[in-house]
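Structure record follows, encoded as structure tokens.
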Amino acid sequence: MKIVSVKGMRDLLPADTVWFQRLEDEARATFAAYNFQEIRTPIVEPTELFTRSVGEETDIVGKEMYTFADRDGASLTLRPEATASVARAYVEHRLWERPGLCKLYYMGPMFRRERPQKGRYRQFYQIGAEVLGGNSPVVDFELLAMLRLLLERCGIQDAELVINSVGCADDRPAYHAALREALGARLPEMCADCQRRAQTNPLRVLDCKVPADQPIIAALPTLESFLDDKCRLHFAQLRQLLDANGISYRVDPRLVRGLDYYTSTAFEFQHGALGAQNALLGGGRYDGLTQALGAPAQAGGGIGFALGADRFVLAMQAAQALSAALTAPAAVIIPLSAGELQPALALAERLRRSGIRIELAESGRKLSRSLELASKLQAGYAVIVGADEAASGQWQLKDLSRGQQQHIDTEGLEARLKEVAAAAPAEVA
RNA sequence: GUGAGUGUAGCUCAGCUUGGUAGAGCGCUGGAUUGUGGCUCCAGUGGUCGAGGGUUCGAAUCCCUCCACUCACCCCA
């Protein structure tokens, strides 16, 4: 029996990782510009963290978590998302006592036991950021502006920002009651899922996609009319900021989030070229989450987002705005025979210490084979090290794109390769 | 959890309807005389045809069961 990777968990080979790295580089640079700093939390957390924050009734907690008993009987879970962990760390280390807002980003694998699908895996990668300690709509605006910039930098032009306000702890009970009331008589006509949702989490009914249910859903009272003054004002101010700064968006009164901790502002960037998984990135405000985990009121609210890196990369590839970065060596050094191996090795080490990407060909192969290898690796140059070159220190440098070659000493070679690396960034087509 | 589709070489696939014990392209390895690549040409490498069972003189091909993968529903990022 051949051993293969676990269902829904895949190897990311170099052809994939160049894209992930590119996304991660852009994300780090963008986050840095908005003064976010990185946090790394454990992949394994106490199960209770997720049941208390994400919510006992959500699909994630209800049926998608990888939960297991530790040897001492403690229930542990592979994190299905990271906001809960960041909030936990915020409380654990009393980060609200530090000056200013707490702005953190993370990137790493998450685990949910769903049926694998295009852009959806059981081990998937998220990049996200959280702003803790602030309740102002300006914070919401800055986060959305940052995301718009990140999308631009990654070459994704056709993602649509969709926003909504899902209310808060103060106004939601009234809305839930109103929904149940309005559904009342018509509920038996609806799909089984909706009947269940009406009991467990009425907000989710709004997200139903069953065609037959749509007329009923369309007639339901909108959440907007139940927002309290605080939420209404917050949302209006956010829209004003987006309008004033030229960030386009669509308000979708039916946009809801699947995790219980969300309040007030909810948003998603949607993209067409992803099959059914059109949510490229999503997030929202979660005022009260840190308090639910034990922080005092002064710890403030929070807002954050997470993007699905696997999906995001698909969108980057679809946009073709960035060519796949070729990780080609600057030069392949070719020792012609075993006698030239040592000088070739020494030369390779010298160049590598200068940060130049160097591949060393096997000694003793025919020169034509080694040059063929250099071509296939798409190296810019080949450096031929034969007995004469080893003796004189004048290497034979061959420009593989032009076919020209010349003698050059170590200093000159190093200078040339550095110059070429500087002129041609990694993502040459 | 539900539905549909697909499983043949490392990769992309043909062959299956009309059973006669496996093919192409790419890749990889080597060669086309001495220390010069990309192109071309030649040769080689490589598969228990997803697994098990059945029908048959004979099964990649027909039948059954199972498994895996993919897409979709659901949900989410």
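Protein chains get the first letters and strands the later ones, always in sequence-line order, with residue 1 at the start of each. The basis for the numbers below is simple: all heavy atoms, side chains too, and nothing from hydrogens, waters or symmetry mates.
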Can you check whether A:F312 stacks with the B:A77 base, using ring centres under 5.5 Å and planes within 30°?
-> no
Ignoring hydrogens and angles, answer whether the base of B:A77 and the side-chain atoms of A:E114 contain a donor-acceptor pair closer than 3.5 Å.
-> yes
Base, sugar-phosphate alone, or nothing: which one does A:A374 contact when heavy atoms must sit under 4.0 Å apart?
-> nothing
If you look at every strand shown and take non-hydrogen atoms under 4.0 Å, does A:L400 touch a base, only sugar-phosphate, or nothing?
-> base
Assess the side chains of A:S337 and A:S363: does a donor N or O sit below 3.5 Å from an acceptor N or O?
-> no
Any ring-ring contact (aromatic ring centres under 6.0 Å, His included) involving residues 247-266 of chain A? Give me the pairs, sequence neighbours left out, ordered by first then second residue.
-> A:Y261-A:Y286
Can you check nucleotides 67-70 of chain B for protein contacts, nitrogen or oxygen pairs under 3.5 Å, and list what you find?
| from | atom 1 | to | atom 2 | distance (Å) |
| --- | --- | --- | --- | --- |
| B:C69 | OP2 | A:K7 | NZ | 2.7 |

Got a sec, which residues hit side-chain contact (heavy atoms from CB on, under 4.5 Å) with A:Q37, two or more places apart in sequence or on another chain?
-> none
A:R311: which of A:R120, A:M316, A:H271 passes side chain to side chain contact (heavy atoms under 4.5 Å, CB included) = A:R120
Which nucleotide, in any strand shown, forms a Watson-Crick or G-U wobble pair with B:U36, with both distances under 3.5 Å?
-> none
Using the C1' atom in both, what is the distance from B:C11 to B:C64, to the nearest Å?
-> 32 Å
Looking only at atom C1', what distance separates B:G47 and B:U2, rounded to whole Å?
-> 35 Å
Output all residues satisfying ring-ring contact (aromatic ring centres under 6.0 Å, His included) with A:Y121, sequence neighbours left out; order by chain, then residue number.
-> none
Do the two ring centres, one from A:F36 and one from A:Y105, sit under 6.0 Å apart?
-> no
Extract from the structure each pairing of a protein N or O with an N or O of nucleotides 44-49 of chain B at less than 3.5 Å, listing the distance.
none

Heavy-atom contacts, protein to nucleotides 25-32 of chain B, under 4.0 Å, summarised as B (base), S (sugar-phosphate only) or - (none) per nt, yield ---S-SSS
